[in-house]
Amino acid sequence: MKRKLEYLTSIPGVSFISAATVVGETLGFESIVNGKQLASYAGYDVVQRESGNFKGKNRISKKGNSHIRAVLHMPSMTCVRCNPTLKQFYNRLKPVKAKPLVALVAVQRKLLILMYTLWKNEEIYDAKFEIKKQQKHEALAARDNSLINQSVS
């Protein structure tokens, strides 16, 4: 258990108490099958308020575990400052949304799913993972383009 909690605390901005609370409230992600189910369990799933011709606003449902949402508030604020991946995600969403808190809730959801992924895969957080992933996709795309050009010639 200690080793697995170290995977979660390797994320910049996530403390031991935050990680332990999330693991405790989800029972070690025991019955969680995927990230979408986890987001719904925590109340981060988006619901549309509409009826007939009335189109309301989209909001999070808040029907899930309020303890998880409460404990992820401060780590998400810290991640926005310290974590390069989540900082970039927040800065991309912030101008689009009416209130900065909406973008912060999106960071909380992403952080929760990141915690779930690290727990299940038993991996330490890698800040350069997104950059490596993008470089890999670019390399594969370049290789595919060269193969297409060779077959056309």
### Message
Quick check against the 3.5 Å criterion: does Ser15 have a side-chain atom that pairs as donor or acceptor with the backbone of Ser18?
### Response
yes
### Message
Other residues, nucleotides and ligands only: do more than 12 of their heavy atoms fall within 6.0 Å of CD on Gln88?
### Response
no
### Query
Do you know which two heavy atoms are closest between Gly43 and Ile60, and how far apart they sit?
O-CB, 3.6 Å
### Message
So which atom in Leu93 and which in Ala106 form the shortest heavy-atom distance, rounded to 0.1 Å?
### Response
CD1-CB, 3.6 Å
### Message
Has Arg69 got a side-chain atom pairing as donor or acceptor with Ala42's backbone, closer than 3.5 angstrom?
### Response
yes
### Task
Grab the two heavy atoms, one from Tyr90 and one from Pro100, that are nearest each other, plus how far apart they are.
OH-CB, 3.6 Å
### Message
Contact between Asn83 and Phe89 at the side-chain level, heavy atoms closer than 4.5 Å - yes or no?
### Response
no
### Message
Could you see if Ile11 belongs to whatever hydrophobic cluster contains Met1? Use Ile, Leu, Val, Met, Phe, Trp, Tyr and a side-chain cutoff under 4.5 Å.
### Response
yes
### Query
Closest approach of Lys120 and Phe29, non-hydrogen atoms and distance?
NZ-O, 3.2 Å
### Query
Which distance, rounded to the nearest 0.5 Å, do you find between the CD of Glu6 and the CD1 of Ile124?
6.5 Å
### Message
Test of understanding: clusters of I, L, V, M, F, W, Y form through side-chain heavy atoms closer than 4.5 Å, transitively. Do Val46 and Leu111 belong to the same one?
### Response
no
### Message
I'd like to know if Val102 and Ile113 are part of one continuous hydrophobic network [Ile/Leu/Val/Met/Phe/Trp/Tyr, side-chain heavy atoms within less than 4.5 Å].
### Response
no
### Message
Applying a strict under-4.5 Å side-chain criterion to I, L, V, M, F, W and Y, I'd like to know whether Trp119 and Ile17 cluster together.
### Response
no
### Query
Nearest heavy-atom pair of Ser61 and Val47: which atoms, and what distance?
CB-CG1, 3.8 Å
### Summary
Of Ile68, Val107, Thr26, the one forming a side chain to side chain contact (heavy atoms under 4.5 Å, CB included) with Leu112 is Ile68
### Message
Same cluster or not: Leu38 versus Leu27, using hydrophobic residues (I, L, V, M, F, W, Y) connected whenever any side-chain heavy atoms lie under 4.5 Å apart?
### Response
no
### Query
In Å, rounded to the nearest 0.5 Å, how long is the span from CG of Leu86 to CD of Gln108?
11.0 Å
### Query
Mind checking whether Asn121 and Tyr7 have side chains closer than 4.5 Å, heavy atoms only?
no
### Message
Please find the pair of heavy atoms, one from Cys79 and one from Gly13, that lie closest to each other, and give the distance.
### Response
SG-CA, 4.3 Å
### Task
Give a yes or no answer on whether the side chain of Thr78 reaches the backbone of Met74 with a donor-acceptor pair at less than 3.5 Å.
yes
### Query
Around Lys4, counting heavy atoms of other residues, nucleotides and ligands shown, do more than 12 lie under 6.0 Å from its NZ?
yes
### Query
Quick one: does Ser10's side chain have a donor or acceptor within less than 3.5 Å of a partner on Tyr125's backbone?
yes
#### Entry: Leu101 side chain near His73 side chain, heavy-atom distance below 4.5 Å
yes
### Message
If you count every heavy atom of other residues, nucleotides or ligands that lies below 6.0 Å from Glu122 atom CD, does the total exceed 12?
### Response
yes
### Query
Rounded to the nearest 0.5 Å, how far apart are CG of Leu72 and CE of Met77?
13.0 Å
